[in-house]
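To start, the structure under review is shown below, and the notes come after it.
Here the structure is a predicted model, which is why all the values come from computation and not from measurement. Below, chains carry the letters A, B, ... as their sequence lines are ordered, and counting in each starts from 1.
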Number of protein chains: 2
Amino acid sequence: MAGKSEQTRQLVADVALRMFRDLGFEKTTMRAIAAEAGVSVGNAYYYFASKDDLVHELYLQVQAEHSHKAAEAVVGVKDLSGRLKATMHAGLDVMAPYHRFGAEFIATAIRPASPVNPFNDASTAAREASLAIFRTAADGASPAAARKLRAELPELLWLAYMGVTLFWVYDTSSGQRRTRKLVDGLAPLIARGLSLARIPGVSRILDDALDLSRNVRG
Amino acid sequence: MAGKSEQTRQLVADVALRMFRDLGFEKTTMRAIAAEAGVSVGNAYYYFASKDDLVHELYLQVQAEHSHKAAEAVVGVKDLSGRLKATMHAGLDVMAPYHRFGAEFIATAIRPASPVNPFNDASTAAREASLAIFRTAADGASPAAARKLRAELPELLWLAYMGVTLFWVYDTSSGQRRTRKLVDGLAPLIARGLSLARIPGVSRILDDALDLSRNVRG
DNA sequence: ACACAAATTTGAACATGTTCAAAAAGTGTG
DNA sequence: CACACTTTTTGAACATGTTCAAATTTGTGT
């Protein structure tokens with residue numbers, strides 16, 4: 001049977017992800033995962049180089065689901081504010097079951113060496129996928145953003161979403177409703193803020209900001 | 001001798017901080033710290049509840065030094081851009097020896113349970129001290145910022161500094177010169193950006209942004 | 001000086017992430 | 001089938017953060 005190996009891998013991943021959701025990150029020990037999956041600890045490591053790697057697996061799944069739900073949610077929505085709102089809420093929906101785990105997830109993801117780190121060069125693929133979600137939100141909007149912003153807009157929105165996610169991690173209000181409020185307020189603010197780009201005074205500063213951004217990334 | 005206990009505590013802290021600087025976070029094991037300090041592992045734990053607690057100690061020291069150096073650096077500097085630049089560079093100077101450790105530091109600090117977490121309610125004191133540095137930078141500046149911004153300005157600057165710090169962690173350019181460039185470009189941008197608050201179109205959006213911020217924090 | 005309590009120190013023990021040499025199972029070849 | 005070779009699986013071993021009961025030292029009142 002060719003799929004036997006893949007089967008074991010999938011089994012371990014499924015068990016791990018379920019345990020992450022139900023028990024949180026720390027309580028889900030590698031031994032517990034192995035036991036629950038009915039394999040040896042070493043076998044789990046044969047498929048996943050580290051516990052962080054299992055987090056990476058979770059990240060991929062969450063991201064795929066976000067991408068899917070966001071694409072659905074923006075159908076027929078024209079204005080940027082609405083599209084952004086829908087996209088961000090979709091993300092929050094997907095992450096919701098993992099809220100208690102979110103903090104550990106962030107701590108893991110933020111380490112430069114982590115395979116999950118979105119800023120890391122190594123995980124360009126994952127970052128691109130994540131960016132693509134916001135490119136969809138931005139590109140489909142009308143009226144379109146100011147020309148000089150168009151290229152960086154998805155990245156800007158993505159960055160805003162990173163901030164929202166950080167807020168969400170620390171949001172202890174029931175159902176994280178404060179984060180929902182934040183999204184509802186932030187999305188129109190961003191959309192309106194972008195329209196300011198046409199005011200001359202703002203425009204000059206914006207040019208400099210974009211210059212700095214490009215300059216400093218090289 | 002009354003200071004014996006304090007002496008041991010200080011010894012452990014000193015050794016730990018030096019090892020953090022020279023070896024990085026992971027290589028500095030609790031056993032290594034204890035051995036180097038000539039005490040038992042258990043004894044180190046008598047004074048510091050966890051390894052994270054030693055990171056907290058480092059955080060306090062870095063912050064105190066930043067506060068001191070920043071206060072010196074802004075003397076005689078009137079414009080906000082200059083004051084902000086001086087304050088941020090002072091922070092980078094202080095952190096520089098720990099750059100290789102910075103990533104682990106951030107990972108530790110970002111966990112809500114961490115004593116170092118700047119967003120955490122528990123560490124209000126540390127956060128206040130950190131904010132105070134930027135309050136000094138903002139309050140001493142002339143011309144003063146728009147009235148409605150004055151209250152939130154220190155927090156905004158502090159937040160910007162958090163962003164700069166995050167950038168710094170990932171900055172692998174030699175001597176982190178890209179982060180220096182970022183600060184040099186960002187400080188005047190922020191200062192000029194604030195002056196836009198008086199433009200009517202901008203002002204209205206700003207009001208909404210401040211509303212949202214207050215609303216969502218409650 | 002002595003007894004007793006409190007503070008300090010010790011080191012073994014535990015849980016967990018991770019590694020690895022060896023065993024087992026699978027696969028193709030004569 | 002027998003054999004060699006690869007892939008998969010195992011479980012013991014290791015390093016590290018942390019805990020804790022016991023030992024030691026220090027402080028205090030008599």
Side-chain angles (χ1 to χ4, degrees), chain A residues 1-17 19-20 22-59 101 103-105 107-111 113-116, chain B residues 1-17 19-20 22-59 101 103-105 107-111 113-116:
Chain A
M1 189 177 303
K4 183 64 192 311
S5 173
E6 186 54 32
Q7 225 173 34
T8 307
R9 194 199 132 91
Q10 203 53 243
L11 172 65
V12 171
D14 287 349
V15 166
L17 266 52
M19 291 182 80
F20 280 152
D22 296 343
L23 304 177
F25 183 71
E26 299 197 339
K27 289 259 193 75
T28 304
T29 69
M30 291 301 286
R31 284 168 181 78
I33 294 171
E36 184 77 13
V39 302
S40 70
V41 180
N43 200 11
Y45 274 94
Y46 182 73
Y47 292 101
F48 298 94
S50 63
K51 198 179 172 184
D52 282 7
D53 231 47
L54 282 164
V55 174
H56 186 217
E57 195 74 12
L58 170 58
Y59 178 69
F101 170 65
E104 302 289 346
F105 177 74
T108 296
I110 209 161
R111 297 210 307 275
S114 166
V116 198
Chain B
M1 188 177 303
K4 181 67 193 310
S5 171
E6 186 55 31
Q7 224 172 36
T8 308
R9 195 199 132 91
Q10 204 53 243
L11 173 65
V12 172
D14 287 349
V15 168
L17 265 52
M19 293 183 78
F20 279 152
D22 296 345
L23 304 177
F25 182 72
E26 299 196 339
K27 288 256 193 76
T28 303
T29 68
M30 291 302 286
R31 281 169 183 76
I33 295 171
E36 184 77 12
V39 302
S40 71
V41 180
N43 201 10
Y45 275 94
Y46 182 74
Y47 292 102
F48 299 95
S50 64
K51 198 178 173 184
D52 282 7
D53 232 44
L54 282 164
V55 175
H56 186 216
E57 195 74 11
L58 170 59
Y59 177 68
F101 169 66
E104 302 289 348
F105 178 73
T108 296
I110 209 162
R111 297 211 308 276
S114 167
V116 198

> For Glu6(B) and dT26(D), what is the distance between atoms CD and P respectively, to the nearest whole Å?
Replying inline: 17 Å
>> Which residues in residues 23-34 of chain B have a heavy atom closer than 4.0 Å to any atom of DNA chain C?
In response: Arg31(B)
> Taking atom P of dT25(D) as reference, at what distance in whole Å does atom CD of Gln7(B) sit?
Replying inline: 17 Å
> Which nucleotide, dT9(C), dT18(D), dG11(D), lies nearest any side-chain atom of Ser40(B)?
Replying inline: dT9(C)
>> Could you tell me how far apart Asp53(B) (CG) and dG17(D) (P) are, to the nearest whole angstrom?
In response: 14 Å
> Quick one: on DNA chain C, does Lys51(A) or Gly38(B) contact a more 5' nucleotide (nearest heavy atom)?
Replying inline: Gly38(B)
>> What's the separation between atom CG in Leu17(A) and atom OG1 in Thr28(A), rounded to the nearest 0.5 Å?
In response: 9.5 Å
> Base, sugar-phosphate alone, or nothing: which one does Tyr47(B) contact when heavy atoms must sit under 4.0 Å apart?
Replying inline: sugar-phosphate
>> With side-chain contact (heavy atoms from CB on, under 4.5 Å) as the criterion, how do Phe105(A) and Phe20(A) come out once you've worked through the C-alpha distance, each side chain's angles and the decisive distance to 0.1 Å?
In response: CA-CA 10 Å; Phe105(A) 177 74; Phe20(A) 280 152; over 6 Å; no
> Quick one: Leu11(A) CG to dT9(D) P, roughly how many Å, whole number?
Replying inline: 10 Å
> Under 4.0 Å between a side-chain N/O of Ser5(A) and OP1 or OP2 of dT8(D), yes or no?
Replying inline: yes
> How long is the span from the NE2 atom in His56(A) to the CG atom in Leu58(A), to the nearest 0.5 Å?
Replying inline: 10.5 Å
>> Counting the atoms with a prime plus P, OP1 and OP2 as sugar-phosphate, which does Val39(A) contact under 4.0 Å by heavy atoms, base, sugar-phosphate, or nothing?
In response: sugar-phosphate
> What is the distance from CG of Leu54(A) to C1' of dT18(C), rounded to the nearest Å?
Replying inline: 13 Å
> Taking all atoms of both residues into account, what is the closest heavy-atom pair of Leu11(A) and Ala37(A), and its distance?
Replying inline: CD2-O, 3.3 Å
> What's the verdict on side-chain contact (heavy atoms from CB on, under 4.5 Å) for Glu104(B) and Val55(B), showing C-alpha distance, side-chain angles and the deciding distance?
Replying inline: CA-CA 10 Å; Glu104(B) 302 289 348; Val55(B) 175; over 6 Å; no
> So, Thr108(A) side chain and Asp52(A) main chain: donor-acceptor pair closer than 3.5 Å or not?
Replying inline: no
Identify all pairs in which a protein N or O lies below 3.5 Å from an N or O of nucleotides 20-23 of chain D, and state each distance.
none

> Would Lys51(B) count as a cation-pi partner of Phe25(B), with NZ or CZ less than 6.0 Å from the six-membered ring centre and within 45° of the ring normal?
Replying inline: yes
> Are any of the side-chain heavy atoms of Phe48(B) and Arg9(B) separated by less than 4.5 Å?
Replying inline: yes
>> If I take atom CG from residue Asp14(A) and atom CD from residue Glu36(A), how far apart are they, to the nearest 0.5 angstrom?
In response: 12.0 Å
>> For dT9(D) and Tyr46(A) - does any side-chain N or O of the residue sit under 4.0 Å from the phosphate oxygens OP1/OP2?
In response: no
